[in-house]
Amino acid sequence: MTEHAASPRRGDTPAAHAPGPQHVVETMTGAQSLIRSLEAVGADTVFGIPGGAILPAYDPLMDSQKVRHILVRHEQGAGHAATGYAQATGRVGVCMATSGPGATNLVTPIADAYMDSVPLVAITGQVASKAIGTDAFQEADICGITMPITKHNFLVTDPAEIPRVIAEAFHIAATGRPGPVLVDIAKDALQATTTFRWPVETSLPGYRPVTKPHAKQIREAAKMLVGAKKPVLYVGGGVLKANATAELRILAELTGAPVVTTLMALGAFPDSHPQHLGMPGMHGSVPAVTALQKSDLLFTLGARFDDRVTGKLDSFAPYAKVVHADIDPAEIGKNRPADVPIVGDAREVLADLIVAVQAEFDAGHKADYTDWWVKLNEWKTTYPLGYEPAPAGGLAPQQVIERIGQLVGSDAIYAAGVGQHQMWASQFISYEKPATWLNSGGAGTMGYAVPAAMGAKAGRPEATVWAIDGDGCFQMTNQELVTCALNNIPIKVAVINNGSLGMVRQWQTLFYNQRYSNTVLHAGPEHDGIAAPAQGTRIPDFVLLSEAMGCVGLRCERPEDLDAVIKQAMEINDRPVVIDFIVHQDAMVWPMVAAGTSNDEILAARDVRPDFGDDLD
Ligand SMILES: Cc1ncc(C[n+]2csc(CCOP(=O)(O)OP(=O)(O)O)c2C)c(N)n1
Ligand SMILES: [Mg+2]
């Protein structure tokens, strides 16, 4: 890589290459070399927990003036905190764990980061190199385990390699299609004396992500966009990853084409913009889902035709030609063949497209989507997002989330768990800016919200950060509130407490005859000889639990108290705040395309199938 071109070659002695003023060649331990390397790549925050194999690294970490370590309560929390940090700041997130169970506790967040293309470097200690493969105490083959869920991983047994490997890990994680990289370092490599050199020359043959799109493809795509009658800009998370939201808006406004943003792309295009149709997919808006179905051109930018978006693939957007731009060539044609494939960075692609579309206009070709907008506006007016009020005097979960969004505003960062509350948070909060919506889209990892919010707040302390969590999810990772309380990371958590694993319950309501097998979380009736808890007892009591973890715990059960409790939480900034919102358990997420069915079967609400009244219906 060019920035390292002047550095000494690996294996060279200091004498062979007299270091320049900016070059460092020093003798130290592998552990010190690791910390110096982290400092050199600009890592400022590491989330982790020590243990035997990684212990040598924790000693010099204590002295670092540049790297802050945040001691979490579970390694899964460290991983999600690092991804929350990465998504909120745009930088590489870093987590650290010891060998064996410490490392395997990182597997879920690594898989999560892989699915959502989040730049993450996970550093794990490994047993001493001679013990590798002997079933030594706390040995796990974490490189083998994470092979299919990392962009790349390294096992380091030679301490001299540490600076190069760290430089390469950060480079791989952050460039091209971002993703997780694991660096597993044997304990003896951390303990040994070695030479730290910086800068290093990296060696990544075969890794050259193509960022600059092909001019011919761009011209072709621009021509198709201008000539289409029913185009949709189908925008995915890649647009956010590439910092291409300004360019997206220019292209959208230049052409007048409608925009849909996937669950991973919320905030890439303002929700309030008149050209925005909403989110496509299983719980997307009727206009967004229908526009894709009836479209004649899917203008796909950094999206991947995920099954949650396409529904039954062979009936997805049957009339559409496809332009597909992605930094990862493996995505193009994976699920849906592309008529015009474009490999490149979304920002460069969009910048070139703006010029090419303008050239089409200058040549007298005009985009005319008038008839299309008549239809789209009709769908927008007829099928807006909405919800039923809660039964007598109760709180509707959608109302809670909507009100938080309205009172807190669109500068805040919102992190969601996984389930109904996640979908409502995607639907009823208005996302106007990039990096304001964090969620586990690809993996759907319950327990993501609290640690991700913690990481986001650690990376952007000036921002207001809310976790919108479910009562099920919250019970998976709430222990990180202790970390927040002890480290001055005052996040706000709204627990949408419907007393159940609501999303699974919704499927049981719709597809399993209302047989609620193992989805009830609250104090239920006596069963199997186990006495029911006393009436009114909450197990757990989220208010007490939160107080015990050093947070302020609040509860809200009535619509008339909603504004006051949100405002009370907004005023507390010296500690984390948790609000236990008691909502009714029967609310359902609509619209919905049932898994495995066609998007044409979308239901706007229970038993409400939209009538599009056209010949394509
Ligand atoms: C780690 C994990 N385990 C199980 C699931 C399956 N699952 C998806 S949503 C859900 C229920 C979530 O319950 P809760 O957090 O209360 O959210 P709600 O749907 O009630 O809003 C479950 C169990 C999952 N996505 N992730
Ligand atoms: Mg729930």
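We're numbering straight along the sequence, starting at 1. In listed order, ligands and their atoms are each counted from 1.
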- Task: Would you check if there is a donor-acceptor pair between the side chains of S272 and E432 at a distance under 3.5 Å?
- Result: yes
- Message: Can you classify the ring geometry of F154 versus H152 as parallel (below 30°), tilted (30 to 60°) or perpendicular (above 60°)?
- Response: perpendicular
- Task: State whether M503 contributes an N/O/S atom found under 2.8 Å from the Mg ion (ligand 2).
- Result: no
- Can the ring centres of W437 and Y414 be said to be less than 6.0 Å apart? no
- With a 4.0 Å cut-off, would you call R304 and D326 a salt bridge? no
- Query: Is the W379 to Y383 ring centre distance short of 6.0 Å?
  - Reply: no
- Message: Between the side chains of R555 and D541, is the shortest nitrogen-to-carboxylate-oxygen separation below 4.0 Å, so that they form an ion pair?
- Response: yes
- Under 3.5 Å, is there a donor-acceptor pair linking the side chains of Q479 and T477? no
- Query: So, N497 and the Mg ion (ligand 2): N/O/S under 2.8 Å, yes or no?
  - Reply: no
- Task: Take the Mg ion (ligand 2) as the vertex and measure to OD1 of D471 and O of S500; round to 10°.
- Result: 100°
So what's ligand 1 close to, N/O to N/O, under 3.5 Å?
from     : atom 1 : to   : atom 2 : distance (Å)
ligand 1 : 15 (O) : G472 : N      : 3.2
ligand 1 : 15 (O) : C473 : N      : 2.7
ligand 1 : 16 (O) : D471 : N      : 3.4
ligand 1 : 16 (O) : D471 : OD1    : 2.7
ligand 1 : 16 (O) : G472 : N      : 2.8
ligand 1 : 16 (O) : S500 : O      : 3.0
ligand 1 : 17 (O) : H421 : ND1    : 3.1
ligand 1 : 19 (O) : Q420 : N      : 2.8
ligand 1 : 19 (O) : G502 : N      : 3.3
ligand 1 : 19 (O) : M503 : N      : 2.8
ligand 1 : 20 (O) : N498 : OD1    : 3.2
ligand 1 : 20 (O) : N498 : ND2    : 2.9
ligand 1 : 20 (O) : S500 : O      : 3.0
ligand 1 : 20 (O) : G502 : N      : 2.7
ligand 1 : 21 (O) : Q420 : N      : 3.3
ligand 1 : 21 (O) : H421 : N      : 3.0
ligand 1 : 21 (O) : H421 : ND1    : 2.8
ligand 1 : 25 (N) : G444 : O      : 2.8
ligand 1 : 26 (N) : G444 : O      : 3.4
ligand 1 : 26 (N) : M446 : N      : 3.4

